[in-house]
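Chain naming here is simple, since letters A, B, ... match the order of the sequence lines and numbering starts at 1 in each. Atom set for the values below is all heavy atoms of this structure, side chains included, hydrogens, waters and symmetry mates excluded.
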Number of protein chains: 2
Amino acid sequence: MGVRAQQKEKTRRALVDAAFNQLSAERSFSSLSLREVAREANIAPTSFYRHFKDMNELGLTMVDEGGLALRQMMRKGRQRAEAGGSVIRISVETFMEVLESNPNVFRILLHERSGTSAAFRAAVEREIEHFISELSHYVEDSAGRSPDLAREQAEALVILVFNAGAAALDMKRSDRKLLADRLVTQLRMVVKGAEALQQKRDNPELRARLSR
Amino acid sequence: MGVRAQQKEKTRRALVDAAFNQLSAERSFSSLSLREVAREANIAPTSFYRHFKDMNELGLTMVDEGGLALRQMMRKGRQRAEAGGSVIRISVETFMEVLESNPNVFRILLHERSGTSAAFRAAVEREIEHFISELSHYVEDSAGRSPDLAREQAEALVILVFNAGAAALDMKRSDRKLLADRLVTQLRMVVKGAEALQQKRDNPELRARLSR
DNA sequence: CATTTTGGCTTACACTTGTAAGCCCAATAT
DNA sequence: ATATTGGGCTTACAAGTGTAAGCCAAAATG
């Protein structure tokens, strides 16, 4: 890669990083101004346009990057789970760790999910869809769940996890531990419930007998 | 009430209504400026301060009002459910109707829940807590669930419903119908799962036998 | 080597924003 | 009847915003 392209990539990164760094509990992406980001990245405001058409384009880049990063981390966590132990428990733990070390990556997904730009919402939804889809296949394979039930189950699980993540962002570590426990309970509910619905479908007879 | 107090209340309402009316999929409360709201309410920008200290105060008012309105509507719906039929199904239907007729009331809760102001997040959380608490008691009483399990169950249910609500805002009616169906399935999962966990606690023995 | 491209810069402009200061006059209080 | 209060207004200002126009030097191209 030429010297020029290298430099360009470098300041592009500086912009993305600058934006990520300015995110916090009090500062959402949509409240960031182009000038602020440029300032933090140490470039002139108008130079911003050499890299992104506008703030929207930068934001979408961040959503994509963030979602990807999150998924990679979660996948690593799942490998750890394969070594043994409760899948649910370990996944929740991984998630909480990821959250703690990359709060801003999670923040942009969380916030823009209910944000003001349709493009953003769609982008976040796509990322979440990835999570759901991966998990759905896992559930189908490992628990022999029917495809559509697996889908609903996975969706419910992901929603609950995301939601807990949002709550966790506002907490100190001690409370997060408790939150994690409650989350695990809720996830178990969904899993148990999905099993029950599956059985009911597979064999209405048997289920009727068992519930007596 | 004196003529003066009456007038004051009237323009105060005009401000709140103006703000609610400006909300949309593309426009969140935090993106509204004081001047815009004043303009829409037909008063001078600086007159705003005769009623609210700043936009934050107006916003919190809206959250409280909105949450209250939502709860009242849902309670009416629950009465309808008492006439018979699936509680879950009827509640979901009510919710979807409420959503359709008052999208902006729901929007402000949804958006500010993950918003940028701690005060807002807390206010929304308080409103949601009301929902959870009401539902939790209902579950405890009607299904004989233990208090802590009831709480987790209610929380999961409310989260799933809220989440579906957010998705519904972006949909046309036909798709909402499908969404509602899937939501019902998920809610049933939670209910079934909570039952299972309850049984396991009440009588680990029996449950072991049944699952064979 | 000569030319073109490009990523940075500076300057400039038109807007919007929040809010301070202070006037006015009708409703209230004395 | 007179004095006070208070909800509206106008004017004004400093600050910040997005972005257009155009210059410059160094890298890339031929």
Rounded to whole angstrom units, what separation is found between the CD atom of E57(A) and the P atom of dT19(D)? 12 Å
Looking at the side chain of V3(A), which of dT19(C), dT19(D), dA28(D) is the nearest nucleotide? dA28(D)
Would the F95(A) and F106(A) ring centres measure less than 6.0 Å apart? yes
Separation of K8(B) atom NZ from dT28(C) atom P, in whole Å? 13 Å
Among the nucleotides dC9(D), dT19(D), dG8(C), which one has an atom lying closest to any side-chain atom of R50(B)? dC9(D)
Length of the CZ-C1' vector between R13(B) and dG7(D), whole Å: 18 Å
Start at the 5' end of DNA chain C and walk down; is the nucleotide closest to D54(B) or to T11(A) reached first? T11(A)
Does a nitrogen or oxygen in the side chain of S33(A) sit under 4.0 Å from OP1 or OP2 of dT17(D)? yes
Closest-nucleotide ordering on DNA chain C, the 5'-leading residue of A5(B) and L34(B): L34(B)
Does E36(A) offer a backbone N or O that forms a donor-acceptor pair with the side chain of Q22(A) under 3.5 Å? yes
Mark yes or no for a side-chain to base donor-acceptor pair under 3.5 Å between R4(B) and dG7(D), with no hydrogen or angle criteria applied. no
Hey, are R182(B) and D148(A) close enough for a salt bridge, meaning a charged N less than 4.0 Å from a carboxylate O? no
Take atom CE of M55(B) and atom P of dT19(C), then tell me their distance rounded to the nearest Å. 11 Å
Looking only at heavy atoms, what is the nearest atom pair of A156(A) and V190(A), with distance? CB-CG1, 4.1 Å
Hey, can you tell me if H111(B) and H111(A) have their rings parallel, tilted or perpendicular (30° and 60° cut-offs)? perpendicular
Rounded interatomic separation in angstrom, taking NE2 from H51(B) and P from dG18(C): 17 Å
Residue mapping more 5' on DNA chain D - nearest nucleotide basis, R39(A) or T46(A): R39(A)
Polar side-chain contact R35(A)-dG18(D) base: donor and acceptor under 3.5 Å: yes
Starting at CG of L32(A) and ending at P of dT17(D), how long is that distance when rounded to a whole Å? 10 Å
Rounding to an integer number of Å, can you tell me how far F48(A) CZ sits from dG7(C) P? 15 Å
How would you label the contact of E36(B) with the nucleic acid (heavy atoms, under 4.0 Å): base, sugar-phosphate, or nothing? sugar-phosphate
Rounding to a whole Å, what distance do you find between E9(B):CD and dA27(C):P? 18 Å
